[in-house]
Amino acid sequence: VRRFLDRFHAQGVFWRQVLRWAVLNVPIWLEPAVMALWALIFLLWGPGRRGVMRNLSAILPRSSPVMNFLRVYRVFWNFAWTIADNVRFKELRVVPDWEFEGLEHFEELQSRPGGAIILTAHMGSYDLAAQLFAETSSRQIVMVRAPETDAATRRFEEDLDARTRAAGLTIDFSTRANELALDLLHALRNGEIVAIQGDRVTPGIAALPATLFGKTTMLPAGPFALAMAARVPIYPLFVIRLGRRRYRLYTAPPLEVVRTRDRGEAFARAATQWSEELERVVRAGWQQWFEFRPFSEELAA
Amino acid sequence: VKLVRGRADARFMPSRFHFAIFRLGAFVRLRSAKPQPQRGLLLAVDRHQTAREHYLAALWYVGSAACFASELLSIPIALAAVVVLASFQLLLCVIGLARRNQNNIRAQSIFMMALLAGGAAYYAFAKTWIRFAAWQVLAVMALNALCALILFFLRGSIARAEASLSAA
């Protein structure tokens, strides 16, 4: 009975199946109405709602709880569209419109001879961007992501990925930290691009302290250690949803993690640069930062 | 996937619109639009790409269906809109569960539009205000059919205009 009920948990496989079914069945011109209803239903997810509200209280310090409650709806609305766009691309190969900001950095990333790290956040449709990048570029890309906690959901996602993944894209999971680090180092030295989400720490992986919106938080240390070991630049890259089937791909100037005698100092400097960039982008795009848990212990308390 | 690179005026390509009314409107805009080069822009050519058209269509459909549900169930329109939104999910199951794991979007679109047209035909000769809601649905559908006919005769010009954008 418990295994059956787990399907209906927020991370459960039932919702992924419903989403896939909806993508294959909802008339496209009726979608806005369906999205509006489902974003409202998402509001019933207490932990997610409270997590976003706490994060918003730090991002927009002068905001009221009532306004933040309404803003949560906007976050869930964007989330619903984003995950639907992602599944639609996988199932029906429908792509959205793209605008590029920082195009010179993006072109440099694509054309530079060696490997590089893309550091991104849980914003917009990062999955979709990685797929598109792999399909439109000759470069191999390795996307690192946190695995699904629910076993059935993990199987569902792996099956979907196996059926639909672009040829140049490899997906790896951040749980097997030690072996993964060696694999990624090898990939970077082979001139591949490694995409990592740098705004959330998975339990069991190394983290660096940082400050985000005036609160202490932890950021994954892996990207910076990898950049130093492989001597490759880090390109902060964000996928920002502009509207229905419209995204902006913003590429910031690359960060260099220079190898010095004091590794800790070099990491701290890089983490500060990254957290400043992340803060700037999230402040402007709070409505699509899909961080459903408080990003800081101070906010969770 | 067909993509147009670096041309902002490609937003008005009729192929990016779904309903004939909007496709015809887009073609008129496209003919009067000047070339707008925009670096770093990638537009997908898909008939469901435009936001305004789809938000308007959803609003029109839900609004019209809510009017019919309000009359049928004798409830306020606001409540009827909620009922309509919830009942969509159930109606979609009719085809969705019969044809699992298939792309049913076209079949569902036809089914849902047929339901609205059926409702409009049923209420068109009612004695209450609902007949106005019914007639506007029928009028919009007739206008769309007329636009589809005009587009059929313009298909050569549309193809040439779109080809020039795709080639640019």
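Order of the sequence lines sets the chain letters (A, B, ...), proteins ahead of strands, with each chain counted from 1. Only a predicted model underlies this, so the values are computations on that prediction, with no experimental measurement involved.
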Between B/Arg99 and A/Asn25, a side-chain donor and acceptor under 3.5 Å:
no
Distance under 6.0 Å and angle within 45° of ring axis: A/Arg71 vs A/Trp286
yes
Where on B/Tyr61 is there a heavy atom nearer than 4.5 Å to chain A: the side chain, the backbone, both, or neither?
side chain
Anything under 30° is parallel, anything over 60° is perpendicular, the rest tilted; go ahead and classify B/Phe19 against B/Phe22.
tilted
If you define the side chain from C-beta out and look only at heavy atoms, does anything of A/Val94 sit under 4.5 Å from A/Arg245?
yes
Ion pair A/Glu192/A/Arg139, N-O distance below 4.0 Å
no
Which bit of B/Asn103 is near chain A, if near means a heavy-atom gap under 4.5 Å: side chain, backbone, both or neither?
both
Of all the residues in residues 107-125 of chain A, which have a heavy atom that comes within less than 4.5 Å of a heavy atom in chain B?
A/Glu107
Is a donor on one side and an acceptor on the other found under 3.5 Å between the side chain of B/Gln89 and the backbone of B/Leu85?
yes
Can you check whether anything in residues 111-145 of chain B gets within less than 4.5 Å of chain A, heavy-atom wise, and list it by number?
B/Met112, B/Met113
Looking at B/Val84, B/Leu43, B/Leu56, which has the largest count of heavy-atom pairs under 4.5 Å with chain A?
B/Leu43
So, does A/Asn86 use its side chain to make a donor-acceptor pair with the main chain of A/Thr82 at under 3.5 Å?
no
Establish, for the pair A/Arg248 and A/Tyr250, whether the NZ or CZ atom is under 6.0 angstrom from the six-membered ring centre and no further than 45 degrees off its axis.
no
Ion pair check, A/Arg280 and A/Glu277, cut-off under 4.0 Å
yes
So which of B/Leu92, B/Val82, B/Val62 has the biggest tally of heavy-atom pairs under 4.5 Å with chain A?
B/Leu92
With chain A as the partner, which of B/His18, B/Glu53, B/Arg11, B/Arg16 has the greatest number of non-hydrogen pairs under 4.5 Å?
B/Arg16
One option among B/Asn101, B/Ile95, B/Leu59 has the most heavy-atom pairs under 4.5 Å with chain A, and it is B/Asn101
